[in-house]
Amino acid sequence: MTELSVEKLTKNYSLLHQEISALIEGENNMFANIGNILAAIKFRMNWFWVGLYKVDQDELVLFMFQGPHACTRIKKGKGVCGTAWEENRTIIVEDVEKFDGHIACNSNSKSEIVIPIKDISGTISYVLDIDSAELNTFTELDAKELNKIKAVIETLI
Ligand code: SME
């Protein structure tokens with residue numbers, strides 16, 4: 001990334017963090033807040049798909065999202081989402097075709113980032129999945145900034 005694009009992205013994240021704080025301030029309904037957070041990410045960053053999958057026994061099940069319809073269930077250890085859950089780590093995929101076992105819910109998705117989300121007991125209970133229609137969208141900068149939003153979501157679930 002050029003210095004200019006890092007600066008632009010950092011500025012955009014700063015606006016996104018402000019938007020999210022304003023949107024959830026004074027509201028304690030989880031669905032309203034998560035819906036608004038996902039919408040803010042999707043439309044501020046102009047990504048293809050932004051959503052949460054929720055842990056349901058040995059699977060992830062589609063929870064709230066912004067974007068086209070998506071795969072409903074993903075087994076633990078499968079795809080990028082199931083792998084991020086199993087390995088308890090943020091995964092950045094620069095090119096989905098190069099990720100062994102990637103689950104293609106939509107052929108327009110070219111790169112993605114998945115971040116596990118923990119409940120109050122420290123157990124992973126959701127994953128945040130963000131897909132881009134461009135290759136090589138996400139870097140460590142996105143991981144760092146999106147992990148701040150993950151921390152906000154962890155206070156809501
Ligand atoms: N690509 C994901 C599946 C979810 S969709 O992208 C919304 C995966 O491989 O886990």
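On a predicted model such as this, the values are computed, not experimentally measured, just so you know. When a ligand or atom number is given, it counts from 1 through the structure's own listing order.
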- [ ] Return yes if some donor-acceptor pair links the side-chain N/O of Ser125 with the main-chain N/O of Val55 below 3.5 Å, else return no.
- [x] no
Open item on the list: Suppose the criterion is disulfide (SG to SG under 2.5 Å): which pairs have a residue in residues 76-157, not counting sequence neighbours?
Closed with: Cys71-Cys105
Task: Short side-chain to backbone donor-acceptor contact, Asp119 and Gly122, under 3.5 Å - done: yes
Open item on the list: I'd like to check which ligand 1 atoms, numbered from 1 as shown, lie under 4.0 Å from a non-hydrogen atom of Asp129.
Closed with: 2 (C), 4 (C), 5 (S), 6 (O), 7 (C)
- [ ] Run the numbers for me: atoms of ligand 1, each under 4.0 Å from some heavy atom of Asp131, listed by number.
- [x] 5 (S), 6 (O), 7 (C)
- [ ] Spell out, as yes or no, whether a donor-acceptor pair under 3.5 Å connects the side chain of Asn33 to the backbone of Glu27.
- [x] yes
- [ ] Return yes when atom NZ of Lys8 has more than 12 non-hydrogen atoms of other residues, nucleotides or ligands closer than 6.0 Å, and no otherwise.
- [x] no
Open item on the list: Is it the case that over 12 heavy atoms from other parts of the model lie below 6.0 angstrom from the NZ atom of Lys78?
Closed with: no
Open item on the list: To check your reading of the model: name the closest protein heavy atom to atom 3 (C) of ligand 1, its residue, and the distance in Å.
Closed with: Ile103 O, 3.6 Å
- [ ] Consider every N or O of Val80 and every N or O of ligand 1, then say whether any pair is closer than 3.5 Å.
- [x] yes
Task: Considering all heavy atoms, the nearest Phe138-Asp142 contact - done: CA-OD2, 3.5 Å
TODO: Measure Asn106 to ligand 1 on non-hydrogen atoms and call it side chain, backbone, both or neither using the 4.0 Å cut-off.
DONE: neither
Task: Enumerated ligand 1 atoms positioned under 4.0 Å from heavy atoms of Gly79 - done: 9 (O), 10 (O)
Open item on the list: Any heavy atom of Tyr53 closer to ligand 1 than 4.0 angstrom?
Closed with: yes
TODO: Could you list which atoms of ligand 1 come closer than 4.0 Å to a heavy atom of Trp49?
DONE: 7 (C)
Task: Test of proximity, His102 against ligand 1: N or O pairs below 3.5 Å - done: yes
Task: Identity and separation of the nearest protein heavy atom to atom 5 (S) of ligand 1 - done: Cys105 SG, 3.2 Å
